[in-house]
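Below: the structure, in structure tokens.
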Amino acid sequence: VQLQAYGGGLVQAGGFLRLSCAASGSISSFNVMGWFRQAPGKQRELVASINKKNGNTNYAESVKGRFTISRDNAKNMVYLQMNSLKPEDTAVYYCNVATEYYGSYIIGTTYWGQGTLVTVSS
């Protein structure tokens, strides 16, 4: 399994970006896909997740109402639409597939994309 994330960049506060993640290989055995982020000096956190089968989503409190995660199972894609971006959203964003998430903890087998940098200027 390989994950390729793209769509990051530099944007002004209040702007938007859309991250995409393309998965190659068989991911049918994984239940969840998600986007994590890691800012300098901070731990990696789960920003948004989606259940591949039923589409249920979960978001970190800090992004609720601003970010939307979606998936296209036929294309093995997961997206993160980020609106009303804030400087504190600046981080490297990683896409992920896993058996399950428990908070920001990953349960079972997991694969990571290479990360894409999002920088939000004030």
Side-chain angles (χ1 to χ4, degrees):
V1 175
Q2 290 187 329
L3 303 176
Q4 180 73 37
Y6 52 95
L10 174 63
V11 63
Q12 288 188 330
F16 63 91
L17 283 172
R18 187 189 194 214
L19 304 183
S20 300
C21 178
S24 59
S26 177
I27 61 170
S28 60
S29 62
F30 299 100
N31 295 321
V32 292
M33 299 186 76
W35 289 94
F36 288 71
R37 69 184 180 187
Q38 187 165 21
K42 295 188 176 181
Q43 288 188 333
R44 189 175 296 187
E45 64 169 340
L46 179 58
V47 174
S49 66
I50 188 165
N51 185 292
K52 289 171 63 266
K53 296 179 180 178
N54 61 29
N56 287 345
T57 58
N58 284 289
Y59 297 92
E61 285 295 327
S62 58
V63 306
K64 279 184 180 178
R66 301 188 297 121
F67 290 12
T68 302
I69 188 171
S70 60
R71 94 278 194 219
D72 185 331
N73 287 345
K75 296 181 179 179
N76 276 358
M77 297 286 295
V78 64
Y79 308 96
L80 186 67
Q81 178 68 40
M82 305 185 295
N83 297 329
S84 302
L85 282 162
K86 304 176 181 180
E88 51 264 43
D89 294 318
T90 295
V92 177
Y93 285 71
Y94 300 89
C95 66
N96 175 274
V97 292
T99 304
E100 196 54 77
Y101 299 133
Y102 184 75
S104 285
Y105 292 99
I106 297 171
I107 308 298
T109 305
T110 188
Y111 290 91
W112 293 94
Q114 84 286 4
T116 183
L117 176 63
V118 172
T119 303
V120 184
S121 63
S122 57

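Index from 1, following the sequence. Being a predicted model, the structure only gives us computed values, none of them experimental.
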Residue pairs meeting disulfide bond (SG atoms under 2.5 Å apart), one or both in residues 9-106, sequence neighbours left out, come to Cys21-Cys95
Excluding Val120, membership of its hydrophobic cluster (Ile, Leu, Val, Met, Phe, Trp, Tyr; side-chain heavy atoms within less than 4.5 Å) reads Val1, Leu3, Val11, Leu17, Leu19, Ile27, Phe30, Met33, Trp35, Val47, Ile50, Tyr59, Val63, Phe67, Ile69, Val78, Leu80, Met82, Leu85, Tyr93, Val97, Tyr111, Val118
Between Arg37 and Glu45, is any pair of side-chain heavy atoms under 4.5 Å apart?
yes
- More than 12 heavy atoms of other groups within 6.0 Å of Tyr6 OH: yes
With sequence neighbours left out, the residues meeting side-chain hydrogen bond (donor to acceptor under 3.5 Å, both in side chains) with Thr110 are Asn96
Nearest heavy-atom approach of Val92 to Gly115 is CG1-CA, 3.8 Å
When every non-hydrogen atom of Asn83 is compared with those of Gln81, the smallest separation belongs to OD1-NE2, 2.9 Å
Between Ala60 and Leu46, the two heavy atoms sitting closest are CB-O, 3.6 Å
By side-chain hydrogen bond (donor to acceptor under 3.5 Å, both in side chains), Glu61 pairs with (sequence neighbours left out) Lys64
Between Ile107 and Tyr101, is there a side-chain heavy-atom distance shorter than 4.5 Å? no
Rounding to 0.5 Å, atoms CZ (Phe16) and OG (Ser84) come to a distance of 10.5 Å
For Asp72, the side-chain contact (heavy atoms from CB on, under 4.5 Å) test, sequence neighbours excluded, returns Ala74, Lys75, Met77, Tyr79
Sorted by chain and residue number, the side-chain hydrogen bond (donor to acceptor under 3.5 Å, both in side chains) partners of Asn58 (sequence neighbours excluded) come out as none
Does the side chain of Asn31 come within less than 4.5 Å of Lys53's, by heavy atoms?
yes
In this structure, OG of Ser62 is separated from CD of Glu88 (nearest 0.5 Å) by 8.5 Å
- Query: When you measure from the side chain of Asn73 to the backbone N and O of Lys52, does any donor-acceptor pair fall under 3.5 Å?
  - Reply: yes
Side-chain contact, heavy-atom cut-off 4.5 Å: Arg66 with Lys86? yes
CD (Gln2) and CD (Gln114) are apart, to the nearest 0.5 Å, by 10.0 Å
